[in-house]
Number of protein chains: 2
Amino acid sequence: MPTGRRPRVTHSLENVVEASIALLDEDGEGALTFRALAARLGGGVGSIYWYVSSKDELLDRATDEVMGRVLAGTDDLVDDSDPIGTLRAVSLAMFDEMVRRPWLGSFLMRNTGVQTNSIRLFERLGQQVMRLDLSPQQRFHAVSSIVSYVVGVAVDMAQPPPKEFFESGLEPAEFLKAYADGWRAYDADEFPFLHQIADEFERHDDADVFRSGLDMLLQGLRVQAGA
Amino acid sequence: MPTGRRPRVTHSLENVVEASIALLDEDGEGALTFRALAARLGGGVGSIYWYVSSKDELLDRATDEVMGRVLAGTDDLVDDSDPIGTLRAVSLAMFDEMVRRPWLGSFLMRNTGVQTNSIRLFERLGQQVMRLDLSPQQRFHAVSSIVSYVVGVAVDMAQPPPKEFFESGLEPAEFLKAYADGWRAYDADEFPFLHQIADEFERHDDADVFRSGLDMLLQGLRVQAGA
DNA sequence: CGAACTATAGAACACTGTTCGAGAAAGAGC
DNA sequence: GCTCTTTCTCGAACAGTGTTCTATAGTTCG
């Protein structure tokens, strides 16, 4: 029984990581500060350092936690009879999670010492590539490239729309149009590609773009494996 | 003639951007602070805000400046008779610059409103893709994917080696080995891929990996274009 | 009960980007 | 020569950050 004063709060690593993820989900990367986190946990700033030795470690732990969920969620996507199909399915699952949590991309693959689940995902992709007729070096290159591509798209999506978006309260579609109009403002003779592409960009879907590039990559892999 | 007191310094946007790039080159992203920048310019902190309205803009300007140099440096790489070869050459030039300046990757493609040269590079890639037999949508997807891949690799390389590297003063090669040993410490049955790959990783060259993935991507593009 | 350990709390520190206002330098008009 | 205006410099001050430190509350265990 507390002796009258406000009772002290008690934390745990799970609590801390969970609250961190919640803050990141709600308001993005900038919302995760030790003070905001402490307030959410109902305690003091210093306490967090009992469980985590720096903000970097906190971010790594949060990232690793959601990567763990991705890993678990892709368990039944593994189909050993179709390695490339599995590569595709797992990559798409990662993409989905990145759509759900745009902050993920910024921290992915930062400190593989702590982010064990990222390594597990790396391994999962690798095991599929092992079923293809490739040299170890080719396998290493293939998985590295897929990861780089996924991370690249992730970074793209991690960028919040400029603040003008929030200020002028435009719909996402309208904002896309405004962006495309920015391209159309360039000189048509000097920038033919920008003009040809503006329409596509205006009605594009991130998932389509992602899938398209992924399929190019996998097609290249297929050719390399001599299928 | 100054009246005895220390004479005032005079700046320019070029000066400011130049000094920023120098700081970034010398000690990385963390070294660029307004105070360090002011000290280097021999003036006060406030003056910088006359030329630039925020640190984000400063970073955008610095990034755009070096992208401009990449753009200029790739002028003579353009070979209209070999679109895919040109895509490859331009991408490799970007990779080279990212090796030289690891901080580049972190800021690439952040604010296309300010980073005009990034758009020009986008256009340069696009014009090559326009020579292939593809739909506008396919072209848009192709260039976006290449850029995502390049940025993904850039981000990989932007990560400074953990501080243990500086502390223990290891050679780069030894550090790579230490990293590979970390992989070998995982259970061999559960992580067959990690083990098969450890040797490759230990003696890998970033440029090889980059080229390999790029070629996969371009091979996929070639197939799509029905060549 | 008392000692040892685990864990919490919040003030204090060093550092960041940014704002602000005072004022110096340089022209423009007369 | 003198003003008035504009352009630009400067550094103190502010709000916010991650991190460190120390006091101390709660718990465990002998």
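Scope of the values below: all heavy atoms of this structure, side chains included, with no hydrogens, waters or symmetry mates. Note on naming: letters A, B, ... go to the chains in the order of the sequence lines (proteins, then strands), and numbering restarts at 1 for each one.
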When the ring planes of Y51(B) and H11(B) are compared, do they come out parallel, tilted or perpendicular, using 30° and 60° as the limits?
perpendicular
Is L41(A) touching bases, backbone alone, or none of the nucleic acid, heavy atoms closer than 4.0 Å?
nothing
Classify the ring geometry between W183(B) and Y179(B) as parallel (under 30°), tilted (30 to 60°) or perpendicular (over 60°).
perpendicular
Output yes when R124(B) and D75(B) qualify as a salt bridge under the 4.0 Å nitrogen-oxygen rule, no when they do not.
yes
What's the closest nucleotide to the side chain of F34(A) if the choices are dT9(D), dT16(C), dG18(D)?
dG18(D)
Between dT9(D), dG10(C), dA9(C), which one does the side chain of T10(B) approach most closely?
dT9(D)
Ignoring backbone atoms, establish whether Y51(A) has a side-chain N or O less than 4.0 Å from OP1 or OP2 of dT8(C).
yes
Tell me what I48(B) touches on the nucleic acid: a base, only sugar-phosphate, or nothing, going by heavy atoms under 4.0 Å.
nothing
With a 4.0 Å cut-off, would you call E57(A) and R110(A) a salt bridge?
no
The nucleotide from dT6(C), dT9(D), dT17(D) with an atom nearest the side chain of W50(B) is dT9(D)
Whole angstrom value for the distance that separates C1' of dG18(D) from CG of L58(A):
11 Å
Base, sugar-phosphate alone, or nothing: which one does S47(B) contact when heavy atoms must sit under 4.0 Å apart?
base
Check ion pair R100(B)-E97(B) (N to O, under 4.0 angstrom)
yes
I want to verify a distance call: between dT20(D), dG11(D), dC14(D), whose nearest atom is closest to the Y49(A) side chain?
dT20(D)
Take atom CG of L37(B) and atom C1' of dG11(D), then tell me their distance rounded to the nearest Å.
15 Å
Would you kindly give the NZ-to-P distance between K55(B) and dT17(D), to the nearest whole Å?
16 Å
So if I take every side-chain heavy atom of H11(B) and compare against dG17(C), dG18(D), dC10(D), which nucleotide ends up nearest?
dC10(D)
Find the bend of the helix from dC1(C)-dG30(D) to dC30(C)-dG1(D) as the angle between its two terminal axes (five pairs each), to the nearest 10°.
10°
Would you say the base of dG18(D) and the side-chain of R35(A) have a donor-acceptor pair closer than 3.5 Å?
yes
So, are D208(B) and R211(B) salt-bridged, with charged N and O less than 4.0 Å apart?
yes
Using only atom types and a distance under 3.5 Å, with no angle test, would you say the side chain of Y149(A) pairs donor to acceptor with the backbone of S144(A)?
no
